[in-house]
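Some notes on the structure that comes next.
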Amino acid sequence: MNPTANLIDPMNLAESLQTLLATATADVEAAADVAALDAAEARAVGRESPIAAARRNLGKMPQEERRDAGRLINDIAKQIEAVVADRRQDLEAAARAATIAAEFVDVTVDHLTMPTGRIHVIQQVVDEVCDIFIGLGYHIAEGPEAELAWYNFDALNTPPDHPGRLESDTMYLDYGNPEDEMLLRSHTSPVQARYMEIHDPPVYIVAPGKTYRNDTVDATHLPVFHQIEGLAVDEAITFADLKGTLAEFARQFFGSSTRVRLRPHFFPFTEPSAELDVSCFNCDGGESTCRVCKGVGWLEMLGCGMVDPRVFEAVGYDPDAVTGFAFGMGVERLAMVRHGIDSIRHFVDNDVRFLDQFPG
Ligand code: DAH
């Protein structure tokens with residue numbers, strides 16, 4: 001229903017226009033949204049409105065009244081339009097405010113996050129050592145952790161009465177054919193034999209992996225630990241190649257001023273055999289109070305040597321045609337020395353306060 005319909009009485013124009021203004025104003029103010037306002041505006045001043053009718057009626061009026069009546073109508077129409085414009089502004093502002101309120105997102109609220117894991121410090125060291133040897137042209141090789149005694153010992157020239165073969169040192173498995181003794185490999189060296197058995201020389205490999213020994217846990221022993229094995233076999237490999245390669249590895253891993261020294265040792269699968277020490281990266285061999293090397297100046301790093309001809313024979317290589325060197329290092333030891341870690345147990349405690357210190 002149009003509350004402004006029929007409000008204009010041509011006989012009483014000024015008064016009825018005032019009434020129209022009041023009624024239209026109330027109608028406009030009552031509009032609850034822009035659509036309602038558009039409708040109210042059309043009712044008050046649109047083509048069907050009493051204002052439009054009054055304008056159309058002007059032509060029928062006597063000439064002398066027409067101008068004043070026209071002004072009056074225009075004046076009221078303007079006032080109504082002003083009220084509409086005000087109301088429109090208010091309604092649009094309210095609509096904007098409602099949209100903003102409805103779409104509000106509190107960007108300061110903490111969202112759900114999954115903590116990011118990191119690569120374990122032991123794996124970080126494995127990756128770093130492997131990367132260094134890959135840079136020197138080596139390939140990565142792998143072997144099983146449940147291993148035949150033949151690969152773990154016999155193929156590596158380790159006699160049946162070697163103390164390392166005792167149950168007090170090696171964990172045996174009650175599995176498979178009893179003729180083929182099975183064990184959890186006590187070092188990564190069996191990968192040497194497995195690899196040579198199925199690959200012709202030249203061989204340049206590093207073999208990282210888990211190793212097992214019947215050890216009681218203490219600050220430097222875990223029954224499960226990691227080693228990285230290395231093997232280079234070619235036509236004229238010499239002891240100088242061994243030393244040069246390991247010196248380059250030590251410089252890349254511990255720092256460019258690192259020096260190495262070799263001490264005679266014994267391993268069944270190498271002849272001659274040696275242990276490699278690196279100069280202390282902390283004091284460079286110069287401090288009696290150094291907490292890293294305890295004043296020794298050198299850090300024991302790994303075992304190595306020239307591959308024993310009997311190992312070549314065991315895997316079907318001709319010991320007169322090739323020579324080679326091999327080495328094996330303990331990953332936990334490398335990590336402990338590098339980071340000044342005082343107990344090997346930290347690596348398996350799974351305490352994030354420890355692990356978080358090695359973001360990688
Ligand atoms: N397998 C030895 C160990 O576990 C380490 C080792 C020494 C590996 C000399 C080698 C080597 O390849 O040539 O103690």
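All ligand and atom numbering here is 1-based and tracks the order in the structure. In this chain, numbering begins with 1 at the start of the sequence shown.
- Relative to the ring axis of Tyr151, Arg185 does not place its NZ or CZ within 45° and under 6.0 Å from the centre.
- With Arg87 contributing its side chain and Ala31 its backbone, the two residues share a donor-acceptor pair below 3.5 Å.
- Ligand 1 is surrounded by His187, Ser189, Gln192, Arg213, Gln227, Glu229, Phe267, Phe269, Thr270, Gly303, Cys304, Gly305, Ala326, Phe327, Gly328, each with at least one heavy atom closer than 4.0 Å.
- Counting heavy atoms from C-beta on, the side chains of Ile119 and Phe358 never come closer than 4.5 Å.
- Remark: side-chain polar atoms of Thr113 are not paired, donor with acceptor, to backbone N or O of Pro115 under 3.5 angstrom.
- Under a 4.0 Å N-O distance rule, the pair Asp351/Arg353 qualifies as a salt bridge.
- Evaluation of the salt bridge (charged side-chain N to carboxylate O under 4.0 Å, His left out) test over residues 279-299, restricted to residues two or more places apart or in two chains, returns Arg259-Asp284.
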